[in-house]
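Worksheet: one structure, shown below.
Please read these numbers as outputs of a predicted model, since none were measured by experiment.
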Amino acid sequence: MPDVDEAEDDAEEMPLSLRLSIADTLTLGNATCGFMAVYFTTTGILIPHITGSQETGMARHSAATAVILMLCAAIFDLFDGLVARKLRSSPMGAELDNLSDLISFGLAPAYFVLVYGMVANDAHQRVAAVGAIVVLLAVVLRLARFSCVTVKDGTFQGMPSPFGALTVVSIVLLELPFEATLLAILGTAWLMVSRVEYPKPRGVLAVAMLSWIVLSMGLLAAWAFAAPGGQFLLQAGCALQLVMGAVIPLFATARRVNTFRDNRREARAAQLP
């Protein structure tokens, strides 16, 4: 039986790049939630549709579960960054974070859109598939740019992928006409690869984001179990998510315009004798 001291020496000799930190464990939770969201979307929505099952309650529960798992992934994504800043992250932390985000906020929402195009009465499957691909590629490009572009501290360039994923699924859950749904999804994908600045969720903003996620879970649960007013509450929450996705870029653009004007005034004032 190996000696305890020898085991400790082996642990110390383990390459730093192979050691998982607490933040990395949270990141892997993010990836797990994204994969399980795909699983519930397949088994609870797509397969019953293909087999001709008429259990609408099962589809509703599975859709709610899939979206709740994406919300859980967003919580893991929020806390792994906070933990990494407070404690430490491994050298592969950034790579794990990008790969997990790709699963939870790229593949899972894109697959949700794809399945929506297959099961919705007024949807066009091939067109929906194109929309799903656009969402996936937008997240891929956004994550790749995040890895190699430096922006000023406290901001993201382009809509963050968790916020974009939740906006995409909110658009689907609103049950708008297919054309409006597709246009809104494409608009969200464009915002993810745009240069619009979004604030990072820190401090009060992080608490507000966490509260909004928990509230969204409650709305989804009420809808899934057919609570009185659950449908209305869910659609109200989805509409609010969509409004926030549209309003934040407007505020960011207005702030940039005002900053540009202030800089021009200061430059002109400095040129005066």
**Request:** Determine, stepwise, if the pair Thr32 / Phe76 fulfils side chain to side chain contact (heavy atoms under 4.5 Å, CB included).
**Result:** CA-CA 10 Å; Thr32 302; Phe76 279 119; over 6 Å; no
**Message:** For a quick test of reading the model, state the closest non-hydrogen atom pair linking Met70 to Ala37 and the distance between them.
**Reply:**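 Closest approach of Met70 to Ala37, heavy atoms only: CG-CB, 4.1 Å.
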**Message:** Applying ring pair (Phe, Tyr, Trp, His ring centres under 6.0 Å), can you list everything that pairs with Phe225, at least two apart in sequence or on another chain?
**Reply:**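 Residues passing ring pair (Phe, Tyr, Trp, His ring centres under 6.0 Å) with Phe225: His61.
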**Message:** Suppose we screen for ring pair (Phe, Tyr, Trp, His ring centres under 6.0 Å). Which residues come up paired with Phe178, at least two apart in sequence or across chains?
**Reply:** His124
Taking only residues two or more places apart in sequence, or in another chain, which ones meet [X] in a side-chain contact (heavy atoms from CB on, under 4.5 Å)?
X      : result
Leu174 : Leu176, Gln235, Cys238, Ala239, Leu242
Leu186 : Val134, Leu182
Met217 : Ile68, Leu71, Cys72, Ile75, Ile213
Val38  : Thr42, Leu107, Ala108, Tyr111

Measure the spacing between [atom1] of [X] and [atom2] of [Y] and express it to the nearest 0.5 Å.
X      : Y      : atom1 : atom2 : result
Leu46  : Thr51  : CG    : OG1   : 9.0 Å
Leu99  : Ser104 : CG    : OG    : 11.0 Å
Gln125 : Tyr116 : CD    : OH    : 12.5 Å
Leu166 : Thr188 : CG    : OG1   : 11.0 Å

**Request:** Verify side chain to side chain contact (heavy atoms under 4.5 Å, CB included) between Trp212 and Met244, making sure each step is shown before the conclusion.
**Result:** CA-CA 12 Å; Trp212 172 245; Met244 288 191 297; 3.7 Å; yes
Qualifying residues under side chain to side chain donor-acceptor pair (under 3.5 Å), relative to [X], sequence neighbours excluded:
X      : result
Asp101 : Asn30
Thr167 : Gln241
Gln231 : Trp223
Asp80  : Thr27

**Request:** Please write out which residues are connected to Met36 in a hydrophobic cluster, directly or through intermediates, given that two of Ile, Leu, Val, Met, Phe, Trp, Tyr count as joined at side-chain heavy-atom separations below 4.5 angstrom.
**Result:** Phe35, Tyr39, Phe40, Leu69
**Hydrophobic cluster partners of Val193 (side-chain heavy atoms under 4.5 Å)** =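 Hydrophobic cluster check, Val193: joined to Leu141.
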**Item:** Under 3.5 Å donor-acceptor, Arg145 side chain and Gln157 backbone
**Value:** yes
**Message:** Any heavy-atom pair between the side chains of Ser62 and Thr41 that's under 4.5 Å?
**Reply:** no
**Prompt:** How far apart are the C-alpha atoms of Asp77 and Asp97, what are their side-chain angles, what is the distance that settles it, and do they pass the side chain to side chain contact (heavy atoms under 4.5 Å, CB included) test?
**Reply:** CA-CA 8 Å; Asp77 186 61; Asp97 190 56; 3.2 Å; yes
**Asked** Does one hydrophobic cluster hold both Phe112 and Phe105, with members joined at side-chain heavy-atom distances below 4.5 Å?
**Response** no
